[in-house]
Amino acid sequence: MTETLPPRTDRPARGLPTQWNPGEVEAVLYQRWVDAGYFEADPGSGRPPFCIVIPPPNVTGSLHLGHAMDHTLIDVLTRRRRMQGYDALWLPGMDHAGIATQNVVERRLAKDEGRSRHDLGREAFVERVWAWKAESGGTILGQMRRLGDGVDWSRERFTLDEGLSAAVQTVFKKMFDDGLVYRAERIINWCPRCRTALSDIEVDHSEDEGELVSIRYGEGEDAIVVATTRVETMLGDTGVAVHPDDERYAHLVGRGIELPVVGRTIPVVADAHVDPAFGTGAVKVTPAHDPNDFEIGRRHGLPMPSILDEGAVVSGSGTRFDGMDRFAAREAVREELRAQGRIVAEKRPYLHSVGHCSRCDTVIEPRLSLQWFVKVAPLARAAGDAVRDGRTTIHPKELEKRYFDWVDNMHDWTISRQLWWGHRIPVWYGPDGEVVCVGPDERPPSGEGWYQDEDVLDTWFSSGLWPISTLGWPRDTPDLRRYYPTSVLVTGYDILFFWVVRMMMFGLYVMDGAPPFTHVYLHGLIRDQHGRKMSKSRGNTIDPLELIDEYGADALRFTIARGSNPGADMALSTEWVAGSRNFTTKLWNASRFALGNGASAALPLPEQPTDADRWILGRLREVREQTDALLEDYQFAKATEGLYHFTWDEFCDWYLELAKAQLADEATADGTRAVLGHVLDALLKLLHPVIPFVTEVLWTALTGEESVVVTPWPVGAGAPADPAAAARVADVQRLVTEVRRFRTEQGIAGGRRVAARVEGLAAAGLGEAGPGGADAALRSLARLDAPGAGFAPTATVEVALSGGPVRVELDTSGAIDVAAERARLGRDLAAARKELEQADRKLGNPKFTEKAPADVVAGIRGRREAALVDIERVEGRLAALPAERQSS
RNA sequence: GGGCGCGUAGCUCAGCGGGAGAGCACUCGGCUUACACCCGAGCGGUCGCAGGUUCGAACCCUGCCGCGCCCACCA
């Protein structure tokens with residue numbers, strides 16, 4: 001729902017429309033930036049390099065809020081560095097996302113044409129995926145432009161590009177030669193639906209309901225009871241294992257026992273892996289379908305028949321279950337065992353951990369299979385060491401532990417995938433069992449009987465090379481020399497293991513110990529307004545494009561930055577984005593006011609600034625310093641929040657209001673225009689990295705210059721803090737607030753001017769009348785007129801300021817609401833008494849006065865004094881109130 | 001089973017040893033010549049529970065309760 005408000009004023013502010021309309025302007029501005037080449041890096045510039053490589057979005061579809069988070073934070077960092085004079089490069093690109101993309105295209109193919117990839121054949125299918133990539137990739141690039149991503153489009157990369165493919169092939173070859181990749185028959189995770197091997201982290205475990213069935217193997221004295229959650233695997237049992245020290249079974253070790261249903265005799269072996277306290281202390285051993293059993297089988301030389309393939313019992317198992325689906329087989333085998341009286345016990349439901357394919361949720365089948373692996377131990381050790389010795393730092397630091405736990409306990413990485421979309425493994429097999437790995441510039445062996453490996457590499461293999469391959473490796477390019485190691489990696493903590501660790505391993509390996517990035521910043525996940533994970537099935541996802549359409553890209557970016565605390569998830573709702581949109585509107589209107597009143601950044605700052613001037617210039621300096629410190633520490637939320645409050649609560653609510661009086665006085669008008677221009681200029685620059693569009697329009701209107709994108713960061717903006725001036729402004733604020741409160745309690749309309757006499761300003765150290773003085777400020781902000789003829793005060797507002805009491809006598813033109821005033825003063829009195837009581841309690845404790853630091857004690861004493869003064873003042877006012885008239 | 005983290009205003013979250021905060025929501029006023037996507041004034045919290053340390057604890061320690069996440073070859 002968009003409301004268009006009628007313009008309330010048509011005073012022109014240097015061509016600025018009365019309303020900020022992001023939808024009309026953003027695309028134009030973005031194209032202008034790109035055309036101007038602002039985002040293009042120049043390794044020969046001589047400026048210090050700053051580089052971030054994008055976490056490449058998958059070409060599976062379109063960007064979601066998680067990407068918007070990556071992009072916002074990266075853009076904030078990059079735009080700021082560019083303004084700080086760095087040769088800033090944000091390198092864009094996309095990931096082919098092997099299995100994910102292949103699945104998407106396969107599903108579409110099935111839905112639209114009722115065909116499988118096998119119907120098309122490898123070559124034609126891969127062509128289809130490329131077509132999809134063109135379409136989906138285009139969508140993503142368009143979305144990045146909508147977000148305002150300041151990326152260097154001339155350096156855009158894709159993981160299946162020629163150059164990146166060469167990098168993949170080169171690394172594979174190097175690792176092959178170094179013995180870091182190997183081909184072996186191991187138990188791997190097989191997804192029967194995707195029909196490919198998966199690495200360990202592509203398997204999600206969940207507690208599922210199943211069954212635990214205890215089966216008696218053997219007869220009589222030789223009988224052993226084993227328990228299993230997967231009855232059907234007993235078809236592939238080749239042994240029963242017991243603990244070596246388990247006396248219950250000692251007599252059976254080494255002997256044969258008959259495997260029911262199948263009828264073959266299998267040995268009882270002693271293996272320390274078995275926990276004698278668990279269940280019966282005896283385990284059935286299915287080496288081809290369980291990682292533990294595989295190890296046991298290996299230690300004892302047991303046969304390893306595969307009895308399940310592609311999710312069904314293999315034909316040729318020699319049983320009547322041949323070809324039966326694995327879950328049907330589970331039931332059928334169980335019933336057969338039951339018929340034979342073999343089932344001793346059953347527990348159902350039985351909760352246990354079951355692996356699922358992270359892509360399609362199908363139950364994973366552990367399977368003995370010939371695959372390619374990366375020997376990770378040396379790589380992982382190097383990855384751990386680089387963080388341990390500080391070559392790379394992880395923010396927030398708490399996530400380091402997770403990183404170490406992972407790299408220090410990593411299993412070998414299964415990298416071959418039985419897919420078609422990806423980098424084909426560059427290995428050729430010869431007729432006599434030759435295995436030849438081929439580099440990118442080498443010709444593969446040809447001739448009778450030679451063929452290339454059918455499989456492709458895990459998509460994370462190429463993503464892991466992203467920071468080096470995108471910069472040109474294996475060629476020795478200026479970019480690589482200039483931007484590697486990259487400055488920061490910004491990504492979600494959820495892909496720490498998938499991606500960050502792999503990049504560390506590869507980067508260190510390929511680049512001789514130079515890590516791929518100096519810092520890693522891990523942000524949290526975006527959740528819905530109640531902190532729940534966003535998911536399509538829950539129906540609580542929000543499309544970033546819809547938010548941009550309704551509120552503007554700046555609003556979305558501001559919301560994300562404002563909610564991003566290191567490592568913590570953030571809840572996002574349209575209300576938050578609307579609030580951010582309101583902020584951009586506020587900034588817009590404040591700028592219009594300033595411009596409409598002749599603000600200029602080119603004017604010299606006043607030689608005799610007012611207190612308000614000194615205060616806001618001092619605050620500006622502090623805010624700039626604070627913003628820098630926070631952003632250096634990746635505290636996006638706090639940095640953004642600080643700018644929000646400075647803009648709204650200080651600049652708009654107070655300085656602009658104070659400026660109105662100053663502008664009306666010739667003595668201060670020019671100075672005020674200069675201060676307004678100066679503060680606005682710096683503020684727009686500080687906000688630009690977060691909200692680039694609106695700040696660009698406003699800043700160019702203010703300065704008439706080309707673009708805020710390439711303007712220097714406002715390091716010297718503002719002035720050193722002036723605590724005395726700031727204290728006087730704080731006093732004025734208190735005064736104004738107290739008078740406003742009185743007016744509200746008395747029901748005096750906000751716009752109505754009230755005649756008033758102000759006493760005690762000079763004595764309180766606030767000066768008297770005069771340009772930029774406290775009196776003028778108070779009268780302007782509290783809407784007080786000078787006492788004219790016939791001034792007849794009906795009420796007094798008295799405020800005890802640090803320098804003394806100030807009395808404001810008001811002529812409300814008639815009797816005041818005594819009850820309301822009594823209530824207001826009563827609340828003040830209660831508060832003051834409570835303060836006094838608290839202070840007395842502390843000061844009455846000798847241990848406190850003895851042990852607490854002197855400044856703390858002094859602070860409490862000060863508060864006690866102030867409370868006493870307050871109480872006296874308020875009691876005086878209460879006593880002076882006229883008697884309440886009796887009313888019903 | 002191991003590890004990490006979180007429980008603070010109705011909601012989402014900051015604060016992490018010395019006067020309980022923000023945004024949104026809510027109440028009451030208000031077309032106050034930048035802004036009603038606004039302005040002004042308010043209401044709202046035994047800071048999960050119980051102990052302990054300390055002159056002083058939302059903040060440090062211990063235990064408990066509740067929730068979340070990560071890791072793990074629990075047959």
Side-chain angles (χ1 to χ4, degrees), chain A residues 2-3 5 8-9 11 13 18-20 187 201 205 212 226-230 241 273-275 278-286 290-295 352-353 366 398-399 401-402 405-406 409 411 493-494 496-497 525 527 529-531 533 551 555 562-563 565 567-573 575-576 578-597 637-638 641 644-645 649 652-653 656-657 660 736-737 740-745 747-753 781 783 835 838-839 842 845-853 855-857 859-860 863:
Chain A
T2 345
E3 300 164 59
L5 299 162
R8 301 193 63 219
T9 162
R11 182 195 296 182
T18 50
Q19 238 188 326
W20 163 234
I187 296 275
I201 46 174
H205 293 271
L212 183 67
V226 296
T228 182
T229 54
R230 303 202 52 199
H273 169 264
V274 179
D275 175 4
F278 188 95
T280 58
V283 192
K284 63 190 270 306
V285 182
T286 320
D290 180 280
N292 287 321
D293 293 6
F294 175 74
E295 293 303 324
H352 65 127
S353 178
E398 302 87 77
L399 287 169
K401 192 170 162 40
R402 232 182 241 197
D405 284 349
W406 175 263
N409 299 294
H411 292 176
Y493 63 71
D494 56 327
L496 177 63
F497 305 140
L525 277 28
R527 295 170 174 275
Q529 56 189 318
H530 298 297
K533 203 167 180 175
Y551 303 105
R562 195 177 175 197
N565 284 112
D569 294 348
M570 73 166 293
L572 186 143
S573 67
E575 284 78 15
W576 273 90
S580 300
R581 184 271 320 270
N582 295 353
F583 176 74
T584 60
T585 305
K586 188 73 180 173
L587 188 65
W588 180 266
N589 285 312
S591 303
R592 277 179 57 233
F593 169 81
L595 289 171
N597 283 284
K638 292 188 182 73
E641 188 77 359
Y644 176 92
H645 284 294
D649 301 346
C652 291
D653 283 355
L656 287 191
E657 295 303 325
K660 286 174 183 173
V736 168
T737 302
R740 281 174 176 169
R741 194 155 78 99
F742 169 83
R743 294 177 56 123
T744 296
E745 300 291 341
I748 298 170
R752 187 179 139 201
R753 302 199 69 92
L781 269 61
R783 310 205 150 254
E835 177 82 0
Q838 283 178 343
K842 285 201 173 189
N845 181 353
K847 286 180 177 171
F848 171 72
T849 47
E850 282 164 28
K851 297 197 175 183
D855 60 321
V856 172
V857 178
I860 300 285
R863 280 164 51 195

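Keep in mind it's a predicted model, so treat the numbers as computed, not measured. Just so it is clear: chains get the letters A, B, ... in the order the sequence lines come, proteins before strands, and each one is counted from 1.
Within 4.0 Å of A:Asp653, counting heavy atoms only, lie sugar-phosphate atoms of the nucleic acid but no base atom. Among the heavy atoms of the strands lying under 4.0 Å from A:Gln529 are primed sugar atoms or P, OP1, OP2 only; no base atom is included. A:Arg752 comes within contact range of no nucleotide atom at all, as no heavy-atom separation falls under 4.0 Å. Contacts of A:Val274 with the nucleic acid, taken as non-hydrogen atoms under 4.0 Å apart, include base atoms.
Donor-acceptor pairing under 3.5 Å, judged by distance alone, is absent between the side chain of A:Gln19 and the base of B:A34. In terms of polar N and O atoms assigned as donor or acceptor, the side chain of A:Lys401 never comes within less than 3.5 Å of the base of B:C4 in a complementary pairing. At a cut-off of 3.5 angstrom, the base of B:C71 holds no donor-acceptor pair with the side chain of A:His205. At a cut-off of 3.5 angstrom, the base of B:C70 holds no donor-acceptor pair with the side chain of A:Arg402. No hydrogens or angles were tested; on distance alone, nothing pairs the side chain of A:Arg740 with the base of B:G40 as donor and acceptor under 3.5 Å.
Side-chain atoms of A:Met570 and A:Asn565, non-hydrogen and from C-beta on, never get closer than 4.5 Å to each other.
Following rounding to the nearest Å, A:Glu641 (CD) and B:G23 (C1') show an atom-to-atom distance of 7 Å. Atom pair A:His645:NE2 and B:A14:C1' shows a separation of 10 Å (rounding to whole Å applied). The interatomic distance linking A:Phe583 (CZ) with B:A22 (P) rounds to 17 Å, in whole Å.
Within the 4.0 Å cut-off from OP1 or OP2 of B:C38, not a single side-chain nitrogen or oxygen of A:Asn589 is found. Listed pair A:Arg741 / B:G42 meets the phosphate criterion, a side-chain N or O lying under 4.0 Å from OP1 or OP2. Dashed line: the shortest gap from a side-chain N or O of A:Lys533 to OP1 or OP2 of B:G68 is not under 4.0 Å.
Taking atom P on both B:G40 and B:C35, the two are 14 Å apart, rounded to the nearest angstrom. Here, B:A25 and B:G42 have their C1' atoms 14 Å apart, quoted to the whole Å. Remark: the separation of the P atoms in B:U33 and B:G18 is 44 Å, to the nearest Å.
Taking every side-chain heavy atom of A:Phe278 into account, B:C74 is the closest of B:C74, B:C55, B:A41.
No cation-pi contact links A:Lys586 to A:Tyr644, judged by a cut-off of 6.0 Å to the six-membered ring centre and 45° from its axis.
Under the Watson-Crick or G-U wobble criterion, with both distances below 3.5 Å, B:U62 is paired with B:A50.
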